[in-house]
Amino acid sequence: MKNRKTQFIVYAAVLAALYVVLTYAQNILLPGTTSMAIQFRISEALCIFAFFTPAAIPGLTIGCLLFNVSNASALPIDWLVGTVATLLATVCMYLLRNVKIKKIPVLGLLMPAVFNAPIVGAELVFYLSDAFTVSVFALNALYVFIGEAAVLLVVGTALYAVMIKNNLYKRIFVNSNN
């Protein structure tokens, strides 16, 4: 693609679609695993694409929004809260793409857990509890952190390693604004 703006939009659209499709597929195959207290959304591993292209930021943010809006079990406030958490996480991942420990961007990989834990953790307290308490918030935040960190540190790291080892990112994100 010669037009970089068109290329950016296509990358973002494909990532949004992949996020929605993968999350729905997981929800069909393993009901509840994408929306329980400890969520293991395998689609969150797609956040690693923020290390390779800024198009992942709007793409994954829109993908999260589309899934949450179309998912009957999603809480209405999650349309905003989950989407904002994804936006903040992917922006930070893009900014931290060159900060690595033994060639792995560990700090960046933790950004979805870092942002989703307090944001979604607080949301769960307000929806599932009669009153806000620090202990209930901390438990919900911990559950969200565990799920996000597990997906990114296991599946995300594996996907990142495959992308780097095989130079797939260079073939997929041709002329990206990285």
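Residue numbers count from 1 along this sequence. Side chains are part of it too, since the values below use all heavy atoms of this structure and drop only hydrogens, waters and symmetry mates.
Atom-to-atom distance recorded for Phe115:CZ and Leu88:CG is 5.0 Å, nearest 0.5 angstrom. Distance CD/Glu148 to SG/Cys47: 7.0 Å, rounded to 0.5 Å. Between atom CD1 of residue Ile101 and atom CG of residue Leu109 there is a gap of 10.0 Å, rounded to the nearest 0.5 Å. Distance CG/Asn27 to CZ/Arg41: 8.0 Å, rounded to 0.5 Å. The CE atom of Met163 sits 11.5 Å away from the NZ atom of Lys170 when rounded to the nearest 0.5 Å. Here Ile164 contributes atom CD1 and Lys103 contributes atom NZ; the two are 10.0 Å apart, rounded to the nearest 0.5 Å.
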- Take Ile104 and Lys102, measure what side-chain contact (heavy atoms from CB on, under 4.5 Å) needs, and give me the verdict at the end. CA-CA 6 Å; Ile104 303 291; Lys102 295 187 180 183; 5.5 Å; no
- Apply the test side-chain contact (heavy atoms from CB on, under 4.5 Å) to residues Thr90 and Thr61: give CA-CA distance (whole Å), side-chain angles for both, the deciding distance (0.1 Å), then the verdict. CA-CA 8 Å; Thr90 53; Thr61 301; 4.0 Å; yes
- Task: Quick one: do Thr34 and Gln39 satisfy side-chain contact (heavy atoms from CB on, under 4.5 Å)? Show the steps, please.
- Result: CA-CA 5 Å; Thr34 64; Gln39 300 175 11; over 6 Å; no
- Taking it one step at a time, do Gln26 and Thr33 satisfy side chain to side chain donor-acceptor pair (under 3.5 Å)? CA-CA 7 Å; Gln26 179 183 343; Thr33 58; 2.9 Å; yes
- Item | Evaluation steps, side-chain contact (heavy atoms from CB on, under 4.5 Å), between Met111 and Leu96 | CA-CA 9 Å; Met111 289 300 105; Leu96 293 168; 3.9 Å; yes
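Taking every heavy atom of both residues into account, Gly121 and Asn140 meet most closely at O-CB, 3.7 Å. Minimum heavy-atom separation, Ala16 to Ile62: CB-CG2, 4.2 Å. What you find for Val155 and Ala45 is that their closest heavy atoms are CG1-CB, 3.6 Å. For Leu46 against Leu60, the heavy-atom pair with the smallest separation is O-CD1, 3.4 Å. Considering every non-hydrogen atom in both Ala113 and Ala149, the closest pair reads CB-N, 3.7 Å. Closest approach of Phe40 to Ala150, counting heavy atoms only: CE2-CB, 3.6 Å.
Under the 4.5 Å side-chain heavy-atom criterion for ILVMFWY residues, a single connected hydrophobic cluster contains both Leu152 and Leu18. Val144 and Phe137 fall into different hydrophobic clusters, where Ile, Leu, Val, Met, Phe, Trp and Tyr side chains are chained together by heavy-atom contacts under 4.5 Å. Taken together through direct or relayed side-chain contacts under 4.5 Å among Ile, Leu, Val, Met, Phe, Trp and Tyr, Phe126 and Tyr143 form parts of separate hydrophobic clusters. Val10 and Val21 end up in different hydrophobic clusters when Ile, Leu, Val, Met, Phe, Trp and Tyr side chains are linked at under 4.5 Å. Cluster membership for Met93 and Val99, using ILVMFWY side-chain heavy atoms within less than 4.5 angstrom, is shared.
Checking side-chain atoms of Asn166 against main-chain N and O of Leu168 turns up no donor-acceptor pair under 3.5 Å.
For the residue pair Tyr94 and Thr53, no side-chain donor N or O sits within less than 3.5 Å of a side-chain acceptor on the partner.
Looking only at side-chain heavy atoms (C-beta outward), Asn116 and Phe145 stay at 4.5 Å or farther from each other. Looking at Val136 and Thr133, their side chains come closer than 4.5 Å, going by heavy atoms from C-beta outward.
For Thr23, the side chain to side chain donor-acceptor pair (under 3.5 Å) test picks out Ser43, with sequence neighbours left out.
More than 12 heavy atoms of other residues, nucleotides or ligands lie within 6.0 Å of CG in Asn167, so this atom counts as buried by the packing criterion.
Under the 6.0 Å cut-off for aromatic ring centres, Phe173 and Phe49 qualify, their centroids lying closer than that. Not less than 6.0 angstrom separates the ring centroid of Phe67 from the ring centroid of Tyr19.
Tested against Tyr169, the residues Phe52, Phe51, Tyr11 include a single ring-ring contact (aromatic ring centres under 6.0 Å, His included) partner, Phe52.
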